Amino acid sequence: MPEAATSPTAERALLEVRDLRVTFHTRRGAVEAVNGLSFEVASGEVLGIVGESGSGKSMAMYSMMGLIADPNAEVTGSARFESTELIGLRPKELNRFRGSQIAMIFQDPMTALTPVYTVGWQIVEMIRAHEQVGRRAAWDRAVELLQEVGIPDAARRARSYPHEFSGGMRQRAMIAMSLACNPRLLIADEPTTALDVTTQRQILDLIRRLQGSYGSSVIMITHDMGVISDIADRVIVMYAGRAVEVGEKQATVGAARHPYTWGLLGAIPRPHTRKTVLPTIPGLTPNPHAMPSGCVFRTRCAWAMDECTQTPPLLATGSDLGHLDACWLPGEERDELRKATLR
Amino acid sequence: MGFALKRLASAVLVMFAISVMVFLIFFATPGVDPAARIAGRGASPEVLAQVRQTFGLDRPLPARYALMMDHLFIKRDLTSYVNIGDRVVPQLSHAAPVTLSLVLGAAVIWLVIGVGGGVLAAMYRGTLVDPLMTLAGIAAVSVPAYWLGAMVNLLTQDKLHTGLFSWVPPLGYVSITHPGSWALHLLFPWLTLALLYGGIYARVLRAELISALSEDYVRTCRAKGLSERRILWRHALRCSLSSVVSLFGLDFGSLVGGAALLTEVVFGLPGIGKLTWDSLQNLDLPVIMGCVLYAAFFVVAANAVVDVLYSILDPRVRHA
Amino acid sequence: MSDLHTPFESGQGLVGATTQDGAERSPGPWRVALSQLLHNPVAIASTVMLVVVVGACLCAPLYAHHIAHTDPFSSNVTGTTVVNGKRAAILQQSTQGLGLGVVPIGPTWHLSGFFLGADGQGRDVMSRLLYGGRTTLLIGTASAVICCVLGALVGIVAGYLGGATDWILSRVLDVIWAFPVYLLAICLSVVLLTSGLDLGPLHVSAGSLMLPIVIIALIYVPYVARPLRGHVLSLKESEFVKASVGLGASELRVLRRELLPNVLPSVIVFLPLMIALNMLTESALSFLSIGVQAPQASWGTIINDGLDLLYTRPWVATAPGIMLVITAVAFNLLGDAVRDALDPKAKLRGSI
């Protein structure tokens, strides 16, 4: 049983997830998209969840928010938001939290807004769904929000339709909408993946600024280590539905302990080095219908050993108790091996 | 303004093409002699010549066409080949209100059935209600209209006439000046027509709604904490409307133009459809031409209206 | 891409499905579609129903000669038959109303003869029903195939070649489609069925089944061609086609390897739906006496025959209608299942 990724502080966590599992029952057998994920998010912190496509990072968040529409999906485990258990709540009850306490923004701003209503109308709808506010007041607040996220000429833009915005503007509008009710937690599912690099930078800055002024916690889901090192306070590295490394950003990015994380870090192109070949992690993510037993990463790991046929527990293998990883390699050797890989 | 003119020009062109097509079909198909048909079988050569002369059939094709168009549109005194002396246009204007009554009443009913059925099927997808509605929709498309009408008549006029359906009046049409009787005579024709179209609409709407409900913006709505009912009615339905509306526009247009031919024949309603059918059986070309152009006009008009409605309903199209 | 819906269901091209040694090859889209169809109870039930109907109709001669011993095509006004051991006239004196005229015998519910009774000319309705089914199914299927092939050709050529060819073809399609569909069929039928078609070397007699087949196929060509043309147009803009062209593939190769395999599923989806639609159109034309002509029978003509007998011998008109509904429903259900199997997100107009 993987141990919980508890934060060292005694403060009551905003969100506590224990052994979250999402299983899809398909005709060809059961597929575990999320396989025993446990973590905590403290008030006001930014948690980054990084992993390849198919690692289950988005699925875990959707399952908490009740956004999985597939009737063949089975969600077990616990996700406590401020002492309320979210898993198993009926949609009607979840709606007390969705939007008002926990907000979510998605990857593709092009399709995320209803095309037939103006942006302002949709923000107003959000506000009036959760608060007893008049139409005029709600509209004014919507315009204010659009201004706050940096959309010029907000009053006129609020009366525009989503397709009249550019990608970056649309994502800003989505962020504005998600913050409309001052949520305690904002889940951002790859918000910058569909945008160009400059806009990416702007959106990340925006999220960080707003997080500071609103005091919300943020869960940032991404496949880009660069985004993580930019914005996250703590990091979870996911692979094939499991957490393989957890820790403070400095520790995880600066002194990673899991071979998969080394692979991810090694794959970041560095502008000042002269390398002829960009290192990649060999092989492909495993077929979900045929997961390797034991450590899921062992089929692609350069240091796989016989012990790896047993599933490694997620625990602290070094002196830092807050830095956890799931690997059988001896704790003392990690720094050396990492340096060897990332040379 | 330029756009509207272009539309108008292309509409006129289409009507012209259709009128030419009708003309050619009846007068220029190889192996077909219109004089022989008008005169009847076994007519002597003298009678045939007489017929040709009277109807100008010995003149070249373009001249005959021009002559007919002239009578129809300019002089407006085009007369029937069969009922000599009867003008075509008044026949059309007498038949039009009958068809309009039939189509309007049926349309109201089928819209209610269609939208209600489609929403219900989408709301209860995955439960037993959904496949039942789908089956009902498919059955509605698979039933021949005239056969359904005959079955309805069988029940209401004969088998159950003495008991359950004793209040059903005999087949035929009563003018709207007697509203009660008018509605009663049209009740079963309305229901028959509405059943067929309602089924189609329920299925189309169901498919559109289910597709809309799997779109990303619905996921955003759920993440916003909106109720499932609001998402269905305000977001999914609103985004599915355009296809239903355009379908309705086209169907309404073609029905008003006479597509309810079979229903009118089976229920004995003297509408445009019946007029068209009678004229086709008699090969009464002027009346045929009038009916076809009447129908084509509504189809073309409906197309244009639907295009306009589309741009109103879907803001993305407006700026295209 | 939304990953909320069974991302692992299709098993095709998933990241882990490597073709390296020993690893599993993911099945292609056709295999996946077939497997999905075979697991679909509705598809199986419809197919079984269709096999039963088609099989019964094909056995029409067998039934007529060996089981019922009746001739469904010749008038039998003076004939007699055995009912419950007693000999009875097929057309009997009417006992209703004023007692004028004759009424054919009603259903005997015996397979040995006149199962559903006789029609106004003393012919065995059941045998005629089976023979009529052959005709209706033949016309429906043949015209659907011709329509789909022709429509696909026109749609693909217009969409792919573009330019003047596309403009001309599109205008032709527009005009055919603007002509109210049923009217066009009726006009053509009325004209051609009275005297056949004499077009140079081509001579089609008035009673030939080719006439309804060709007429019905033609009027629905725009129905198939226009969505296909739109599909080809959007495919032309797709990245994999552009990539193929960029790699220097010849036009024919692009057509064959990139476009056709992607358009083919749409055509296949159209087929069962068009069969159902064409069968219903044919029966409507036959009902109006401008479809199948005597001495041949189709379900539409039998309904027409049955109208005069509607209140006295309702089965004559009812039975063919029921057969039409069952067969059309089965084809529609099958068409839906095929569409769901091949492309769950299909937005073809043919999907009513």
Side-chain angles (χ1 to χ4, degrees), chain A residues 58 61-62 64-72 90-119 121-131 159-164 170 173-174 177-178 180-181 183 186-187 189, chain B residues 115 119 121-131 205-246 306-320:
Chain A
S58 300
M61 298 301 116
Y62 292 160
M64 266 170 35
M65 293 275 276
L67 291 177
I68 300 185
D70 192 335
N72 293 323
R90 281 202 315 272
K92 241 178 135 176
E93 292 152 355
L94 263 179
N95 281 340
R96 288 190 293 126
F97 296 91
R98 297 197 287 204
S100 53
Q101 309 269 3
I102 312 177
M104 193 156 177
I105 57 178
F106 300 96
Q107 176 177 333
D108 191 353
M110 300 270 262
T111 50
L113 289 169
T114 310
V116 297
Y117 294 120
T118 62
V119 170
W121 188 97
Q122 298 187 50
I123 302 183
V124 166
E125 180 187 39
M126 161 84 133
I127 298 174
R128 298 190 79 212
H130 296 286
E131 295 169 24
R159 276 193 285 273
S160 305
Y161 290 94
H163 68 274
E164 295 174 293
R170 230 171 307 192
M174 286 263 353
M177 190 163 74
S178 65
C181 300
L186 173 67
I187 305 178
D189 185 9
Chain B
V115 173
V119 169
M123 256 169 67
Y124 292 105
R125 67 191 177 285
T127 69
L128 198 59
V129 175
D130 190 18
L205 191 61
R206 172 192 168 277
E208 290 286 319
L209 275 176
I210 290 183
S211 163
L213 285 171
S214 68
E215 294 277 341
D216 285 349
Y217 58 82
V218 167
R219 182 178 58 182
T220 307
C221 287
R222 293 205 177 103
K224 274 160 76 170
L226 300 178
S227 72
E228 212 47 45
R229 168 170 300 187
R230 190 182 168 93
I231 295 178
L232 183 69
W233 288 96
R234 288 290 238 152
H235 290 260
L237 187 61
R238 178 66 178 75
C239 290
S240 310
L241 268 187
S242 47
S243 57
V244 171
V245 165
S246 58
V306 158
D307 277 351
V308 168
L309 279 176
Y310 223 97
S311 73
I312 293 180
L313 283 174
D314 190 345
R316 288 173 290 187
V317 176
R318 276 182 232 169
H319 304 255

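The structure displayed is predicted, hence computed values, not measured ones. Residue numbers start from 1 in every chain, and the chains themselves are labelled A, B, ... in the order their sequence lines are given, proteins ahead of strands.
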Nearest-0.5 Å distance that lies between atom OH in A:Tyr117 and atom CZ in B:Arg234 = 4.5 Å
Against chain B, work out which of A:Pro183, A:Ala129, A:Ala103, A:Ala112 has the most heavy-atom pairs shorter than 4.5 Å and name it.
-> A:Ala112
How long is the span from the CZ atom in B:Arg219 to the CG atom in A:Asp108, to the nearest 0.5 Å?
-> 8.5 Å
Has the side chain of A:Arg98 got a donor or acceptor atom that lies under 3.5 Å from a matching backbone atom of B:Arg222?
-> yes
Mind checking whether B:Arg238 and A:Thr114 have side chains closer than 4.5 Å, heavy atoms only?
-> no
Smallest heavy-atom separation, A:Val116 atom then B:Cys239 atom, equals CG2-SG, 3.8 Å
Max heavy-atom pairs within cutoff under 4.5 Å with chain B, candidates A:Pro71, A:Pro115, A:Gly66, A:Pro91, goes to A:Pro115
By side-chain contact (heavy atoms from CB on, under 4.5 Å), which residues pair with B:Val245, not counting sequence neighbours?
-> B:Leu309, B:Leu313
Inter-residue atom distance A:Gln122.CD - B:Thr220.OG1, 0.5 Å rounding | 8.5 Å
Distance, nearest 0.5 Å, that separates CE of A:Met110 from CG of B:Asp216 | 11.5 Å
Which of A:Lys92, A:His130, A:Met65, A:Glu125 touches chain B most, by non-hydrogen pairs under 4.5 Å | A:Glu125
Which region of A:Ile102, side chain (C-beta onward) or backbone (N, CA, C, O), has a non-hydrogen atom less than 4.5 Å from a non-hydrogen atom of chain B, or is it both or neither?
-> backbone
